[in-house]
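Comments concern the structure below.
Only this structure's heavy atoms are used, side chains among them; waters, hydrogens and symmetry mates stay out. Below, chain A is the first sequence line, B the second, and so on; all start at residue 1.
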Amino acid sequence: MSTIPLDLDTLNPRQHEAVVHEGGPVMIIAGAGSGKTRVITYRIARLIQEGTPPWRILAVTFTNKAAKEMRERIEHLVGDQAKDIWMGTFHSLCARLLRMDGMAIGLDRNFVIYDDSEQVSLAKDIIKKRGFDDKAIQPRSVLGEISRAKEQLLSPEKYEERASSFFERTVSGIYKDYQKRLTAANALDFDDLLFKAVRLMDESQVVREKYQDKFLHVLVDEYQDVNLSQYRLADLLSSKHRNLTVVGDDDQSIYGWRGADVSLMMRFSVDHPDANLITLDQNYRSTQNILKGAHSVVRHNRTRNDKKLWTDNGSGELISIGETGTENDEARLVVDTIMREVRTGRRSYGDFAVLYRTNAQSRAIEEAFLGHQVPHILVGGTRFYDRKEIKDMVAYLRVIWNSADEISLRRVINTPARAIGPGAITKAEQFAESQGISLFDAFASPTFEQELTKKTVQGIRNFTKTIEDGIELAEPGPITPVLKHVMQASGYLDELRADRTEEAQARLENLQELVNVTAQYDTDPANEVNLGSFLETVALVSDIDTMKGNGDGVKLMTLHSSKGLEFPAVFLMGLEEGVFPHSRALGSDSELEEERRLCYVGMTRAREALYLTYAQRRSQYGQANFNPRSRFIDDLPREIVDQMPGTTMSAQSFSRPSGTPRLEPLRTGGYAVAEEPREKSAGWTPPFTVGQKVSHRKFGIGIVVACAPLKNDAEVTVAFPGATGIKKMVQSLAKLESV
DNA sequence: TACCAGACTATTTTT
DNA sequence: TAGTCTGGTA
């Protein structure tokens with residue numbers, strides 16, 4: 001067994017302490033770039049070298065990619081043993097636990113995991129069946145509420161007890177049906193994985209003790225982003241040996257919208273009064289200027305433990321700021337800058353990352369990259385597994401694996417068209433209901449066929465035969481033969497081939513790519529080769545997981561996806577009020593604080609160079625908007641910023657919320673009047689400034705999110721508190737008044 | 001039943 | 001702006 005000694009001498013004293021900490025609960029507050037990953041890998045490697053069996057160590061990471069990389073690093077240190085460490089995301093860990101021991105709470109081990117869109121179609125169906133209008137009661141918001149309930153470990157019954165408002169009572173009913181339907185389909189949604197795993201530990205003493213005994217050490221990374229169910233699970237699993245190591249940074253908590261709760265970090269010390277606290281505040285990644293800039297943004301947060309990273313690194317380059325006319329100019333500025341740096345040999349494409357707040361922003365920048373033939377890697381956007389043809393094939397595989405999976409069955413029963421319309425499906429539903437059988441069995445039943453037309457019967461027979469043959473083919477394990485069978489026998493391939501459009505061509509290529517994926521999966525010794533495991537892997541991949549190694553291309557991704565990564569040079573785009581910070585956050589202090597942390601995360605990704613760009617004018621939802629530049633830019637001390645060559649910077653933005661500090665002329669000055677102020681070029685003056693408080697006679701007091709020109713008038717978007725939410729209104733009619 | 005066109009509407013971040 | 005949905009028609 002190859003084991004190399006750890007060079008513990010190269011660690012700073014705090015890191016050293018964190019690595020060698022013997023036992024008992026520890027919380028490591030690890031600032032950005034403080035060598036956190038190194039500490040965790042060393043700690044685990046050391047545990048193994050000191051004799052802890054790897055399979056008795058559990059390490060939870062935020063993404064599958066992080067888990068994979070960490071395992072590889074540990075493998076470098078301790079060799080093959082690293083393969084036996086339990087390592088993965090909370091979700092994949094829970095799937096594994098439930099697959100192995102879910103029977104104890106009545107779970108079938110063949111369960112499938114429903115993703116976002118499957119949840120939506122299920123919720124929609126329930127809302128309709130309950131007689132609601134799916135426009136008045138929106139599936140997404142209902143699902144959001146159900147998700148929050150599950151994160152808080154509230155069962156439908158418990159939720160019902162607490163439900164008071166009309167909305168909550170409505171959700172309560174839907175939540176009940178939703179769970180019923182999931183159970184009938186032998187399916188779990190993302191939140192169920194956690195919810196059920198906690199229930200499994202709570203309810204089955206045997207299982208609980210099995211895992212509590214097993215895990216001598218439990219480590220949780222990105223602890224600032226755990227929700228209550230994850231907190232509980234980590235506690236449950238570590239409660240016997242009490243060797244729980246949690247690592248996080250409250251300044252980097254950016255998943256509050258997903259139920260993550262930073263205050264759980266505080267609770268850790270309450271629940272574990274004997275816990276050690278180790279703070280890593282030396283940054284090894286960034287220049288002083290970058291750290292100074294990032295700190296000047298995040299320090300405005302009220303709910304924050306004041307702390308400051310320091311570094312031995314030099315001050316480095318100034319932070320570059322670029323203002324452009326439109327979002328397309330902004331994209332071109334980014335591309336030009338990158339090309340210049342590459343041409344002069346200072347950097348290669350792979351050194352750059354371009355980060356933005358929302359995926360929608362990626363379009364302009366991607367077009368610019370394509371236009372200039374700059375190699376780039378887009379992370380996220382429409383995921384491979386979200387493409388229609390891929391989802392269709394995966395749905396076929398799911399039905400083969402688990403014929404109770406009704407949502408997948410509905411998806412493919414008539415794809416490609418085989419004369420099984422809504423009429424036939426309703427009949428099958430009724431038949432299934434009356435016979436107490438599953439929808440698939442209803443279709444497969446000869447009795448049922450009598451009521452249908454010849455054509456439909458033929459279609460159903462073809463379909464059920466395809467599935468049944470698939471079940472047989474799936475028996476030995478490998479996925480590829482099953483997939484190929486389905487593509488062929490379903491008529492899916494034939495249909496696409498007959499279609500000579502470019503789109504069909506692209507779909508065919510994607511399907512070929514899927515075959516490549518399964519072929520690779522089948523031959524990878526790390527995998528358990530059966531349909532169930534494959535489907536689970538597919539359900540739990542994230543955008544960042546699919547990012548190809550360190551290929552030489554500019555990485556394009558959202559700020560959220562960039563968490564945990566670092567790059568020599570980073571661009572943050574769209575630094576405009578309403579874009580970043582996002583308009584949805586403008587009305588809420590806590591959400592604004594999260595935006596600040598997000599900015600902090602983005603800025604601290606950069607090692608050497610940081611560029612912040614914004615556009616004076618941006619089309620959003622097909623309309624030109626004039627957003628003032630982001631308050632985050634104005635937070636930066638002026639001695640650490642510089643203006644990008646070839647850009648102008650208005651001395652003050654188009655409209656600043658009153659009282660907000662302004663960026664003053666830089667260095668030699670002279671740029672302030674270099675270009676016509678944009679209100680002139682637009683020929684229009686907005687009635688309000690973004691961020692200003694206004695009152696409406698019906699909705700009360702709100703905050704202006706955006707102003708857009710309308711002939712002789714203005715369209716004002718205002719965020720009102722509570723259920724009213726965001727409203728767009730015409731000024732002459734709404735008669736908003738500033739307050 | 002299938003397809004098309006036009007209307008409509010909703011715009012964050014993701015395991 | 002673009003994606004989704006609905007309703008009408010072939």
With a 4.0 Å limit, can you tell me whether [X] has a side-chain N or O closer than that to the phosphate oxygens OP1/OP2 of [N]?
X	N	answer
A:Ser92	B:dT15	no
A:Asn359	B:dT11	no
A:Thr358	B:dT11	no

| message | Quick check: A:Phe580 with A:Tyr356 (ring centres under 6.0 Å apart)? | response | no

| task | Please measure how far the P atom in B:dT12 lies from the corresponding atom in C:dC5, and state the result in whole Å. | result | 16 Å

State which of [options] makes the closest approach to the side chain of [X].
X	options	result
A:Arg357	B:dT11, B:dT14, B:dT13	B:dT13
A:Lys124	C:dC5, B:dT14, C:dA2	C:dC5
A:His91	B:dT15, B:dT14, B:dA10	B:dT15
A:Asn414	B:dT15, B:dT13, B:dA2	B:dA2
A:Phe190	B:dT13, B:dT1, B:dT15	B:dT15
A:His560	B:dT14, B:dT15, B:dT11	B:dT14
A:Thr89	C:dA2, B:dT15, B:dT12	B:dT15

Calculate the interatomic distance between [X] atom [atom1] and [N] atom [atom2]; express it in whole Å.
X	N	atom1	atom2	result
A:Asp116	C:dT4	CG	P	12 Å
A:Arg363	C:dT1	CZ	P	8 Å
A:Leu355	B:dT12	CG	C1'	15 Å
A:Leu98	B:dT15	CG	P	19 Å
A:Leu598	B:dT12	CG	C1'	10 Å
A:Arg597	B:dT13	CZ	C1'	13 Å
A:Arg140	C:dG3	CZ	C1'	12 Å
A:Arg258	B:dT12	CZ	P	17 Å

Establish, from distance only, whether the side-chain atoms of [X] and [Y] form a donor-acceptor pair under 3.5 Å.
X	Y	answer
A:Asn328	A:Thr326	no
A:Asp250	A:Gln224	no
A:Glu330	A:Thr613	yes

| query | Is the aromatic ring of A:His582 within stacking range of B:dT12, meaning centres under 5.5 angstrom and planes under 30 degrees? | reply | yes

| Is there a stack between A:Trp257 and B:dT13, judged by ring centres under 5.5 Å and planes under 30°? | yes

| Residue closer to the 5' end of DNA chain B, A:Ala417 versus A:Glu594 (nearest nucleotide) | A:Ala417

| query | Which distance, rounded to the nearest 0.5 Å, do you find between the CZ of A:Arg304 and the CG of A:Asp251? | reply | 4.0 Å

| request: Nearest 0.5 Å please: distance from the CG atom of A:Leu575 over to the OH atom of A:Tyr614. | output: 9.0 Å

